[in-house]
Amino acid sequence: MKFIDTELMEKYLQGKADREEQDRVQMWLMLNLKSRSADGDFEELMERIPAVNDPAGKERVLSNLKTIIAADSRQKSYVRRQKRKNILIGSVMASLCAALAVLAFSFASMRNDMRQIASWTEVTADYGEIREVVLPDGSHIWLHNDTRVVYPDTFTGGRRQVFVSGEIYAEIESDSHCPFVVSADNVNVIVKGTTFNMRSYPETDNVELTLIEGDVDLEYTTSWGKASLDVKKGETVVVNLTNGGIDKFIHEDYVSWKDRRVLYFNDKTLSEIAAELEHEFGVRIVISDRDLAYSRHFASFVNNESVTDILHALCGEEGTEIIEKDSTIYISTTN
């Protein structure tokens, strides 16, 4: 999980966050309560927030969060919009009530937060699924493979903001008086009437942005502090949110996964590629050789290739064995 800015979380827990900052924290909770790694990650989060000098209180909050996570994991991955909204509000508000009780927030403030959250909607795409969302301003967002988007029923306050976990393809309506912002954990993409693809899964350290048309600014926070960069048309930018490393690549003829199955791997390890293929094809991939797992590849697949076709193309040289058994693919070296 990529943590939200720790300073922002502390500010929120101390009751000092403004409305926009409160929205960011609440949406982060809504998205990340569902992360597969949430148990351990929330425990680390509680240790990273110095606002509460109360170990027993932290344990109570963590216990509540774990209960919510466990209950939520038993829910179906996608439920119709209104039912899903109600489940989500109940889950998040339960966690926030626990935290606020420890941190001495007022009940009146809690009721106000509940009213604010109730005006947001979540849409989810499961593995192997593509879903299209039309936002209140007419912008279109497509969700890909285990992706969530949270957005308000109406854009207000001079800022159009949505929250994302996973991968989206977006066509954003231009409005010079009301900027569009896509937030994913501690990343903001400020959009100026643009078509782009963004990938930011909670379990990875990287955020990847490909700009097809228009202009965007990418703001992000790493262990080195806050930074930003301007992404140019045709560029793919990959930012490592742990160490601040940046890679840039040029895509002259970009094809989107919303039109057909396409996969781009820009200087990625076989282990990273395997994780993407698991998302894409709903299989498990086991790489038994460490050197093979860390081998790096540049490749693109735009002809609807199967997962085994892709793996044979990447590592099918002599001395490598690829075996598929019971929805698991095993890759190993034979010499």
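Side chains are part of it too, since the values below use all heavy atoms of this structure and drop only hydrogens, waters and symmetry mates.
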- Do any pairs count as a salt bridge (Lys or Arg N to Asp or Glu O under 4.0 Å) and have a residue in residues 278-292, sequence neighbours left out, and if so which ones? R261-E280
- Message: If you define the side chain from C-beta out and look only at heavy atoms, does anything of V216 sit under 4.5 Å from L218?
- Response: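 No, side chains not in contact.
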- Is there a side-chain contact between E219 and V187 (heavy atoms, below 4.5 Å)? no
- Side chains of Y169 and I212 in contact at under 4.5 Å (non-hydrogen atoms): yes
- Query: Linking Ile, Leu, Val, Met, Phe, Trp and Tyr through side-chain heavy atoms less than 4.5 Å apart, which residues share a cluster with Y330?
  - Reply: V286
- Message: When you group the ILVMFWY residues by side-chain heavy-atom contacts below 4.5 Å and let the links chain together, are V162 and V123 in the same group?
- Response: yes
- Task: Find out whether P136 and T154 are in side-chain contact, i.e. whether some heavy atom of one side chain is under 4.5 Å from a heavy atom of the other.
- Result: no
- Would S139 and I172 satisfy side chain to side chain contact (heavy atoms under 4.5 Å, CB included), going step by step from the backbone distance to the final call? CA-CA 5 Å; S139 297; I172 304 303; 3.7 Å; yes
- Under the salt bridge (Lys or Arg N to Asp or Glu O under 4.0 Å) test, which residues partner D230, sequence neighbours left out? K232
- Is the closest basic N to carboxylate O distance between R131 and E129 below 4.0 Å? yes
- Query: Can you name the residues that form a ring-ring contact (aromatic ring centres under 6.0 Å, His included) with H140, not counting sequence neighbours?
  - Reply: W142
- Query: Do V133 and L143 pass the side chain to side chain contact (heavy atoms under 4.5 Å, CB included) test, and can you show the C-alpha distance, the side-chain angles, and the key distance before you say yes or no?
  - Reply: CA-CA 8 Å; V133 176; L143 289 62; 3.7 Å; yes
- Going through the checks in order, is the side chain to side chain contact (heavy atoms under 4.5 Å, CB included) test met by F196 and T210? CA-CA 6 Å; F196 65 94; T210 299; over 6 Å; no
- Note on the structure: Residues passing the salt bridge (Lys or Arg N to Asp or Glu O under 4.0 Å) test with D137, sequence neighbours excluded, are R160
- Task: Might you point out which heavy atoms bring S200 and A184 nearest each other, and give the distance in Å?
- Result: OG-CB, 3.7 Å
- Flag the pair T147 / I168 as yes when at least one side-chain heavy-atom distance between them is below 4.5 Å, and no otherwise.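 They are in side-chain contact.
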- Which ILVMFWY residues are connected to I310, directly or by a chain of links, through side-chain heavy atoms under 4.5 Å apart? L263, F265, L270, I273, L277, F281, V283, I285, I287, L292, F301, V307, L311, L314, I322, I329, I331
- Query: Mind checking whether Y294 and V238 sit in one hydrophobic cluster, side chains of I, L, V, M, F, W, Y counted as touching below 4.5 Å?
  - Reply: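 No: no chain of side-chain contacts under 4.5 Å links Y294 to V238.
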- Task: Go through the steps for L241 and V207 under the test side chain to side chain contact (heavy atoms under 4.5 Å, CB included), then give the verdict.
- Result: CA-CA 7 Å; L241 298 176; V207 58; 4.1 Å; yes
- All side chain to side chain contact (heavy atoms under 4.5 Å, CB included) counterparts of S271, not counting sequence neighbours: T269, A293
- May I ask whether Y264 and F249 are part of the same hydrophobic cluster, defined by side-chain heavy atoms of I, L, V, M, F, W, Y residues being less than 4.5 angstrom apart, directly or through others?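 No, separate clusters.
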- Item | salt bridge (Lys or Arg N to Asp or Glu O under 4.0 Å) partners of E272, counting only residues at least two apart |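 Per chain and number, E272 pairs via salt bridge (Lys or Arg N to Asp or Glu O under 4.0 Å) with no residue.
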- Contacts of W257 that satisfy ring-ring contact (aromatic ring centres under 6.0 Å, His included) - sequence neighbours left out: H144
- Side chains of S183 and Q161: is there a donor and an acceptor less than 3.5 Å apart? yes
- Task: For the residue pair Y220 and L229, establish whether any side-chain heavy-atom pair is separated by less than 4.5 Å.
- Result: yes
- Message: Just verifying a value: how many Å separate F180 CZ and D175 CG, rounded to the nearest 0.5 Å?
- Response: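 Reported to 0.5 Å precision, the distance equals 11.0 Å.
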- Message: Do Y151 and V181 sit in one hydrophobic cluster, given that two such residues count as connected whenever their side-chain heavy atoms are within less than 4.5 Å of each other, even indirectly?
- Response: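 Y151 and V181: separate clusters.
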- When hydrophobic residues are tied together by side-chain contacts of less than 4.5 Å, even through go-betweens, does I190 share a cluster with F155?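 No; tracing contacts between hydrophobic side chains, which count when under 4.5 Å, never links both residues.
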- If a pair satisfies salt bridge (Lys or Arg N to Asp or Glu O under 4.0 Å) and one of its residues is in residues 296-308, list it, with sequence neighbours excluded.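 Every pair satisfying salt bridge (Lys or Arg N to Asp or Glu O under 4.0 Å) with a residue in residues 296-308: D267-R296.
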- Message: I'd like to know if the side chain of T194 reaches the main chain of D215, judged simply by a donor and an acceptor atom lying under 3.5 Å from each other, with no hydrogens or angles considered.
- Response: yes
- Pair K233 + E213: basic N to acidic O under 4.0 Å: yes
- Query: Strictly by modelled atom types, are T121 and D153 linked by a side-chain donor-acceptor pair under 3.5 Å?
  - Reply: yes
- Item | Value rounded to 0.5 Å, distance of CD in E122 from OG in S165 |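 Going from CD on E122 over to OG on S165, the span is 9.0 Å.
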- Validation row: E235, L211 side chains within 4.5 angstrom (heavy atoms):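 When only atoms from C-beta onward are counted, L211 and E235 do not touch, as no gap falls below 4.5 Å.
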- Is the backbone N or O of Y201 less than 3.5 Å from a side-chain atom of T204, with the two atoms forming a donor-acceptor pair by type?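 Answer holds: yes.
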- Message: Please give the remaining members of the hydrophobic cluster of V134, linking ILVMFWY side chains under 4.5 Å, ordered by chain and number.
- Response: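 The other cluster members (ILVMFWY side chains, heavy atoms under 4.5 Å, direct or chained): none.
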- Which residues pass the salt bridge (Lys or Arg N to Asp or Glu O under 4.0 Å) test with E167, sequence neighbours left out?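 By the salt bridge (Lys or Arg N to Asp or Glu O under 4.0 Å) rule, E167 matches R199.
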- Does the side chain of M198 reach to within under 4.5 Å of the side chain of V182, using non-hydrogen atoms?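 Side chain of M198 against side chain of V182, heavy atoms only: contact under 4.5 Å found.
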